[in-house]
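Here's the structure, in structure tokens; my notes come after.
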Amino acid sequence: MIQPVSWLEGTLELLDQTLLPQRELWLTLTRWEEVAEAIRRLAVRGAPAIGIAAAYALVLAVWTAEGEEDAGRKFAEAATGLAEARPTAVNLFWAIRRMEREWSAQAGQPLDTIPNALLAEARRIHAEDIEGNKRIGGHGSDLLPMGSSILTICNTGGLATGGYGTALGVVRAAWSAGRLEMAYLCETRPLLQGSRLNAWELMKEGIPFRILVDGAAGALLARGGVHAVLVGADRIAGNGDTANKIGTYTLGCVAARHEVPFYVVAPVSTIDREIEGGADIPIEERAHEEVLAPLGRPAAPEGSEAWNPAFDVTPAELISAIITERGVLRPPYERSIPAALA
Ligand code: MRU
């Protein structure tokens, strides 16, 4: 199983996803600031993986603290700094909140036991994600007919999670169950998470895939023969509106046009019950250079400007179901989401 982050004797080992598929370079990080930087530059990415990395980063923050006051200051500083790394994936804030609760629960305990208590909580967040993903995979696979072809965008596999995957976890589970014939992967401009990372994962497991440019997705769905669109999520609002990788909304529109089921696949930690609708989800805008010079090679005249939102919002009305570890949620999401979270 591909695990993008792992704790090793007081350090966080992290697979640098910016270098895949050409190089498999593991970074050894000892400071929370390095983890925040890795999140910012997408060395670790994908909503659940970002949350897990941040949880371990909070352990790093207190690992070598000298005295209770020092530990308290470092923990608070790290929690604030990590929360500023990326704005859209709610799993980041969810994981930080869970670690803050564990920190509070440790109040009054001797300092030498606190880092290990925090580490145990980070490990729980990590293990629960993998467990949950496997359940999601089962629920999702059951929805697919035998001999299915699916279309997906971005990377939602082991690399983007604790180690199994959400939308790509469904692909894995469907393949094991003998239900999958072909996974179509949008390359996912501008940073190519689909062609670099999804393809890298599926190739390792011998799962058949074909890569298409994002603009070809409409033609593929119009041609027929795709049984479902499976996408991940960075944040799901209380009404089911879902923020995910830029281009997801377009897939939702085209899937509706051609009556192809459009499934959002995510753990319940991606649901933000404090946000009612998609308009309130903060959308990250990234550097112009990602669009103007893909993979570092100029692709537009010097002086060009770009618009580079990392995510878009697919309205709930385009979403056939939300597949979670607690089951398959159907519209109206205002009812099914609170029931799943209860
Ligand atoms: O910018 P990224 O690569 O972090 O975007 C990731 C996505 O949009 C994923 O679909 C989402 O985080 C779900 S990952 C299981």
Side-chain angles (χ1 to χ4, degrees), residues 2-5 14-18 20 38-54 85-95 126 129-130 132-134 136-137 140 150-173 185-198 200-201 214 229-236 242-252 262-272 278 281-287 290-291 308-314 319 322-325:
I2 299 149
Q3 290 204 21
V5 291
L14 197 149
L15 180 58
D16 187 340
Q17 299 186 31
T18 64
L20 290 172
I39 293 173
R40 259 192 299 274
R41 68 180 189 85
L42 310 195
V44 59
R45 43 137 309 276
I50 293 172
I52 293 163
R86 290 190 81 188
T88 304
V90 77
N91 305 61
L92 173 63
F93 313 103
W94 171 88
H126 193 169
D129 187 69
I130 296 173
N133 278 191
K134 288 183 178 164
I136 289 174
I150 66 91
L151 171 65
T152 190
I153 187 168
C154 200
N155 168 261
T156 54
L159 288 169
T161 60
Y164 187 79
T166 57
L168 210 67
V170 172
V171 168
R172 276 203 165 94
L185 313 176
C186 287
E187 61 174 354
T188 316
R189 292 278 171 137
L191 297 178
L192 304 175
Q193 288 94 328
S195 53
R196 292 189 304 109
L197 308 178
N198 269 349
W200 181 78
E201 287 197 33
D214 300 345
V229 177
L230 301 168
V231 302
D234 281 81
R235 196 184 294 225
I236 300 171
T242 295
N244 190 51
K245 179 54 55 195
I246 191 74
T248 302
Y249 168 53
T250 315
L251 296 184
F262 181 89
Y263 298 125
V264 166
V265 190
V268 293
S269 54
T270 305
I271 299 172
D272 185 351
I281 300 177
I283 299 294
E284 175 182 14
E285 289 202 18
R286 295 186 59 86
E290 290 182 352
V291 174
N308 188 19
F311 305 100
D312 57 25
V313 175
T314 304
I319 300 170
I322 301 174
I323 304 171
T324 76
E325 70 274 36

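Note that ligands are numbered from 1 as they come in the structure, with each ligand's atoms numbered from 1 the same way.
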Quiz prompt | Atom of Arg235, atom of Asp272 and distance for their closest heavy-atom approach | solution = NH1-OD2, 2.7 Å
Practice problem: Answer yes or no: does an N/O atom from Thr161 fall short of 3.5 Å to an N/O atom of ligand 1? | Solution: no
Self-check item: With Glu201, the side chain to side chain contact (heavy atoms under 4.5 Å, CB included) member among Val171, Leu20, Leu168
Solution: Leu168
Quiz item: Can an N or O of Thr166 be found at a distance shorter than 3.5 Å from an N or O of ligand 1?
Solution: no
Quiz item: Judged by modelled atom types alone, do Arg45 and Asn155 share a side-chain donor-acceptor pair under 3.5 Å?
Solution: yes
Self-check item: Side chains of Thr156 and Val265 in contact at under 4.5 Å (non-hydrogen atoms)
Solution: no
Self-check item: ligand 1 to Asp234 polar contact by distance, N or O atoms, under 3.5 Å
Solution: yes
Quiz item: What do you reckon, is OH of Tyr249 surrounded by more than 12 foreign heavy atoms closer than 6.0 Å?
Solution: no
Practice problem: Any atoms of ligand 1 less than 4.0 Å from a non-hydrogen atom of Asn244? List them with their elements. | Solution: 7 (C), 8 (O), 9 (C), 10 (O), 11 (C)
Quiz item: Given side chains that start at C-beta, do those of Arg172 and Lys134 come closer than 4.5 Å, heavy atoms only?
Solution: no
Quiz prompt | Location of contacts on Leu191 toward ligand 1, heavy atoms closer than 4.0 Å | solution = neither
Exercise. May I ask you to check whether Ala47 has an N/O atom sitting below 3.5 Å from an N/O atom of ligand 1?
Key: yes
Quiz prompt | Protein contact of atom 3 (O) of ligand 1 - nearest heavy atom, named by residue and atom, plus distance | solution = Arg45 NE, 2.5 Å
Exercise. Give the residue, atom name and distance (to 0.1 Å) of the protein heavy atom nearest atom 13 (C) of ligand 1.
Key: Ala233 O, 3.4 Å
Quiz item: Under 4.5 Å between any side-chain heavy atoms of Val170 and Tyr263, yes or no?
Solution: no
Quiz item: Above 12 or not: heavy atoms from other molecules or residues under 6.0 Å from CZ of Arg189?
Solution: no
Exercise. Report yes or no: does His126 contribute a side-chain atom to a donor-acceptor pair with the main-chain N or O of Gly162 at less than 3.5 Å?
Key: yes
Exercise. Please determine if Gly46 has a nitrogen or oxygen closer than 3.5 Å to a nitrogen or oxygen of ligand 1.
Key: yes
Exercise. Take every heavy atom of Arg86, measure it against each atom of ligand 1, and state whether any distance is under 4.0 Å.
Key: yes
Practice problem: Give a yes/no on ligand 1: does Pro48 have at least one heavy atom closer than 4.0 angstrom to it? | Solution: yes
Practice problem: For atom 5 (O) of ligand 1, grab the closest protein heavy atom and report residue, atom and distance to one decimal in Å. | Solution: Lys245 CE, 3.3 Å
Practice problem: Check ligand 1 against Thr156 and write out every atom of the ligand that is under 4.0 Å from a heavy-atom position of the residue. | Solution: 10 (O), 15 (C)
Quiz item: Considering only the protein, which heavy-atom contact is closest to atom 14 (S) of ligand 1, and what is its distance?
Solution: Ala160 CB, 3.6 Å
Quiz item: Taking the side chain as C-beta and beyond, is there a heavy-atom pair between Phe311 and Ile281 under 4.5 Å?
Solution: no
Quiz item: Does Gln193 approach ligand 1 within less than 4.0 angstrom via side chain, backbone, both or neither, non-hydrogen atoms only?
Solution: side chain
